[in-house]
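Take a look at the structure set out below.
Not measured: the values here are computed from a predicted model.
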Amino acid sequence: MTEALTRIPLYQVDAFGPEPFMGNPAAVCLLEQSLPAAVMHNIAKEMNLSETAFVEYHGTESSGVSPFKERSVFGLRWFTIEGEAALGISQIQELLIHPALKYVLVVLPHGTTQEQLQSIKPNFVQLKAAATIEQIVGMIVTCSGNGGQHHFLSRFFAPWVGIQEDPVTGSAHAVSGPYWANHLKDAPTEMKARQCSARGGEVVVTVKSAHVVVAGQATIVSQGHLLLPTSICT
């Protein structure tokens, strides 16, 4: 007898990419009921992308229409695949640590260009050996945009969680955005940023009194369904 299958809508989205093959490729699953954490982790490993997001509907009422068409507030969980100087930088202007996220913010001197930022080639073996995952999860390397079309630029390295370089990192901009809002002359409330990975991505950061809003365009590049045995979905 064939086991019943559960169909889960699945998208691959290039987050912070205004067109395909830019930004951060991520998988997005729409869940009308929660999945066990172990199943979500296995899906993330199967997708083999830097992040797999699970958008969850927590309500119980049903009108026969998908809640993703009727509702606007959902839960969100995301999983990764793995539940000379190390950075090759000769000069650092400032080094800060965000204790909650365990991110290190490395600020490069004024006048550092995008080309110089992109030329950095970290020694990931040394970088990972310099601290444990209990101490550091990721490292942001950032510089100002020097009066160009972007207010600031950055790259993000996270060998401690199995990601050498993340294409675009929203949470990193929640750290670097407030820094530049306080350090750029006449910084606007809404700042344009670029993460200078090989794929590259555009991010808009709005720093408010009590929180930071990180936004950007996204492009769907594939769409389908996961077919999972219903017995493992509960």
If you define the side chain from C-beta out and look only at heavy atoms, does anything of [X] sit under 4.5 Å from [Y]?
X      : Y      : answer
His150 : Glu202 : yes
Leu108 : Val141 : yes
Leu31  : Met40  : yes
Val205 : Val207 : yes
Leu228 : Val39  : yes
Leu127 : Met139 : yes
Val137 : Val161 : yes

Among the clusters formed by ILVMFWY side chains lying less than 4.5 Å apart, do [X] and [Y] turn up in the same one?
X      : Y      : result
Ile232 : Ile8   : yes
Val213 : Leu184 : no
Val28  : Phe21  : no
Leu95  : Leu117 : yes
Leu153 : Val204 : no

If only atom types and distance count, is the side chain of [X] paired as donor or acceptor with the main-chain N or O of [Y] below 3.5 Å?
X      : Y      : value
Trp180 : Ser144 : no
Asn123 : Gln126 : yes
Asn182 : Pro178 : yes
Asn146 : Thr112 : yes
Thr189 : Thr206 : no
Ser197 : Pro167 : yes
Thr113 : Gln116 : yes

Separation between [atom1] of [X] and [atom2] of [Y], rounded to the nearest 0.5 Å:
X      : Y      : atom1 : atom2 : answer
Ser50  : Ile163 : OG    : CD1   : 5.5 Å
Cys233 : Leu35  : SG    : CG    : 5.0 Å
Gln195 : His173 : CD    : NE2   : 5.0 Å

Can you run down the salt bridge (Lys or Arg N to Asp or Glu O under 4.0 Å) pairs that involve residues 102-118, sequence neighbours left out, and say none if there aren't any?
->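 Of all non-adjacent pairs touching residues 102-118, none passes salt bridge (Lys or Arg N to Asp or Glu O under 4.0 Å).
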
Ion pair check, Arg155 and Glu165, cut-off under 4.0 Å |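 Counted as a salt bridge, because a side-chain N and a carboxylate O are separated by less than 4.0 Å.
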
Under the side-chain hydrogen bond (donor to acceptor under 3.5 Å, both in side chains) criterion, do Ser171 and Tyr103 qualify, and how do the steps go?
-> CA-CA 10 Å; Ser171 59; Tyr103 284 177; 2.7 Å; yes

Do Thr230 and Glu3 have a side chain donor and acceptor closer than 3.5 Å?
->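 Checked: Thr230/Glu3 side chains show no N/O donor-acceptor pair below 3.5 Å.
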
Strictly by modelled atom types, are Ser34 and Glu56 linked by a side-chain donor-acceptor pair under 3.5 Å?
->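 Short answer, yes.
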
Tyr179 ring center near Phe152 ring center (under 6.0 Å) =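 That pair fails the under 6.0 Å test.
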
Take atom CD in Glu94; do more than 12 heavy atoms of anything else shown fall under 6.0 Å from it?
->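 Enclosed: over 12 neighbouring heavy atoms sit under 6.0 Å from CD of Glu94.
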
Run through Thr52, Leu226, Leu30 and flag the one making a side-chain contact (heavy atoms from CB on, under 4.5 Å) with Leu10.
->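 It is Leu226, the one option of Thr52, Leu226, Leu30 that forms the side-chain contact (heavy atoms from CB on, under 4.5 Å) with Leu10.
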
